[in-house]
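Here is the structure we will look at.
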Amino acid sequence: MSRVPIMAGNWKMNLGPADAAVLARDILQETGQVTTVEQILCPPFVSLYAVNDAIRGSVLRVGAQNAHAEPDGAFTGEVSAPMLTGLVDYVILGHSERRQFCHETDDEVNAKLHAVLEAGLVPIVCVGESLEENQAGQTSEVVTRQVQGALANVTGADAGRLVIAYEPVWAIGSGLAATPDVAEEVCGEIIRILLADLYDGTVAETTRILYGGSTNPGNIASYMESPDIDGALIGGSALKKDTYTAMVRVTAGA
Ligand code: 13P
């Protein structure tokens with residue numbers, strides 16, 4: 001089964017509406033004709049409308065970086081999944097920065113995931129071990145726990161729609177990318193096999209699994225050659241038109 005590769009840019013807390021619209025328009029101009037790679041731009045909430053407006057009618061897709069588990073209510077400063085419908089197709093959940101700085105637990109990621117699916121959107125669930133966990137040889141245990149936790153009570157039909165991103169915390173923004181062999185092992189031998197165990201071979205084969213952590217135009221090809229890596233969740237390199245679109249082109253083989 002061939003899975004459409006994804007280049008998802010997580011813009012994190014960068015680019016307000018005006019700057020975000022400029023970057024989205026620049027990317028659209030550069031790689032708006034590329035249809036063999038799904039390009040997903042994930043700006044901060046306040047820039048979602050501007051980016052959506054800038055790429056409307058194109059092949060580019062928009063994602064949010066978080067969503068609350070409840071549909072509405074007294075949750076000051078939060079944004080719910082139903083509010084995002086019409087603005088985004090994807091929602092990043094459980095990013096390690098949210099797990100670290102906002103103390104998000106696997107249970108919370110799971111509740112958010114159900115809310116996002118309920119709203120008809122596609123979750124991009126982030127998992128990955130810390131440096132200490134890596135050094136203690138706990139990668140498999142941590143990633144397995146995070147995937148299982150995120151997917152609790154999710155049906156096979158819904159699981160097949162998900163995107164999972166393996167982002168080792170030590171590789172994020174550090175310049176120390178996981179080697180393609182290590183990334184392939186986690187994406188293939190841990191995550192994809194876990195999906196086959198939890199669901200079935202079809203879910204394991206259809207779910208797109210991304211690698212994230214210090215990817216750039218120079219190393220993206222080596223990840224894309226790996227059979228179980230279906231794309232990248234990109235941080236720093238997604239904030240510049242030249243580096244992001246170069247990664248899209250490399251992935252498209254253009
Ligand atoms: P970098 O590509 O900057 O390492 O960030 C990765 C990331 O956290 C994407 O979600």
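Everything quoted here is computed from the prediction, not taken from an experiment.
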Here the gap from Gln65 atom CD to Ser47 atom OG, rounded to the nearest 0.5 Å, amounts to 9.0 Å
Is there a side-chain contact between Ile164 and Leu195 in this structure, where contact means two heavy atoms from C-beta onward sitting under 4.5 Å apart? yes
Between Asp158 (side chain) and Thr155 (backbone), is there a donor-acceptor pair under 3.5 Å? no
Please check this pair: side chain of Gln39 against backbone of Gly32, looking for a donor-acceptor N/O pair closer than 3.5 Å. no
Using only atom types and a distance under 3.5 Å, with no angle test, would you say the side chain of His114 pairs donor to acceptor with the backbone of Ala152? yes
Report yes or no: does Tyr244 contribute a side-chain atom to a donor-acceptor pair with the main-chain N or O of Ile234 at less than 3.5 Å? no
Check whether any side-chain heavy atom of Val109 lies under 4.5 Å from a side-chain heavy atom of Arg99, and answer yes or no. yes
Give the C-alpha distance, both sets of side-chain angles, the deciding distance and a yes or no for side chain to side chain donor-acceptor pair (under 3.5 Å) between Glu167 and His95. CA-CA 8 Å; Glu167 297 204 310; His95 191 281; 3.0 Å; yes
Determine yes or no for a side-chain-to-main-chain donor-acceptor pair under 3.5 angstrom, with Thr215 supplying the side chain and Gly212 the backbone. no
Paired with Leu151, the side chain to side chain contact (heavy atoms under 4.5 Å, CB included) test is passed by just one of Leu162, Asp106, Asn110, namely Leu162
Please answer whether the main-chain N or O of Asp228 pairs with a side-chain N or O of Arg192 as donor and acceptor at a distance below 3.5 Å. yes
I'd like to know if the side chain of Trp170 pairs up with that of Glu132 as donor and acceptor (distance under 3.5 Å, no hydrogens or angles considered). no
Less than 4.5 Å apart, any side-chain heavy atom of Leu176 and any of Ser214? no
So, the side chain of Arg161 versus the backbone of Pro123: is there a donor-acceptor pair under 3.5 Å, distance only? no
Taking all non-hydrogen atoms of both residues into account, name the closest pair between Ala238 and Leu23 and its distance. O-CD2, 3.8 Å
Indicate yes or no: at least one non-hydrogen side-chain atom of Ile92 is less than 4.5 angstrom from one of Cys126. yes
Give, for atom OH of Tyr211 and atom CG of Asp230, the distance between the pair rounded to the nearest 0.5 Å. 15.0 Å
Taking C-beta and beyond as the side chain, do Val154 and Tyr199 meet within less than 4.5 Å on heavy atoms? yes
Donor-acceptor under 3.5 Å (Glu133 side chain, Ser130 main chain): yes
Give a yes or no answer on whether the side chain of Arg249 reaches the backbone of Val34 with a donor-acceptor pair at less than 3.5 Å. no
Within the 4.5 Å heavy-atom criterion, are Ile190 and Thr144 side-chain neighbours or not? yes
If you measure from the Lys or Arg side-chain nitrogens to the Asp or Glu carboxylate oxygens, is any gap between Glu205 and Arg3 under 4.0 Å? yes
State the CG-CD distance between Leu28 and Gln33, to the nearest 0.5 angstrom. 8.0 Å
Please identify which of these residues, Thr139, Val147, Val125, meets the side chain to side chain contact (heavy atoms under 4.5 Å, CB included) condition with Tyr166. Thr139
For Asn216, is there any backbone N or O sitting under 3.5 Å from a side-chain donor or acceptor partner on Asn219? yes
What's the separation between atom CG in Asp89 and atom CG in Leu60, rounded to the nearest 0.5 Å? 11.0 Å
Would you say Tyr223 and Pro180 make side-chain contact, with heavy atoms under 4.5 Å? yes
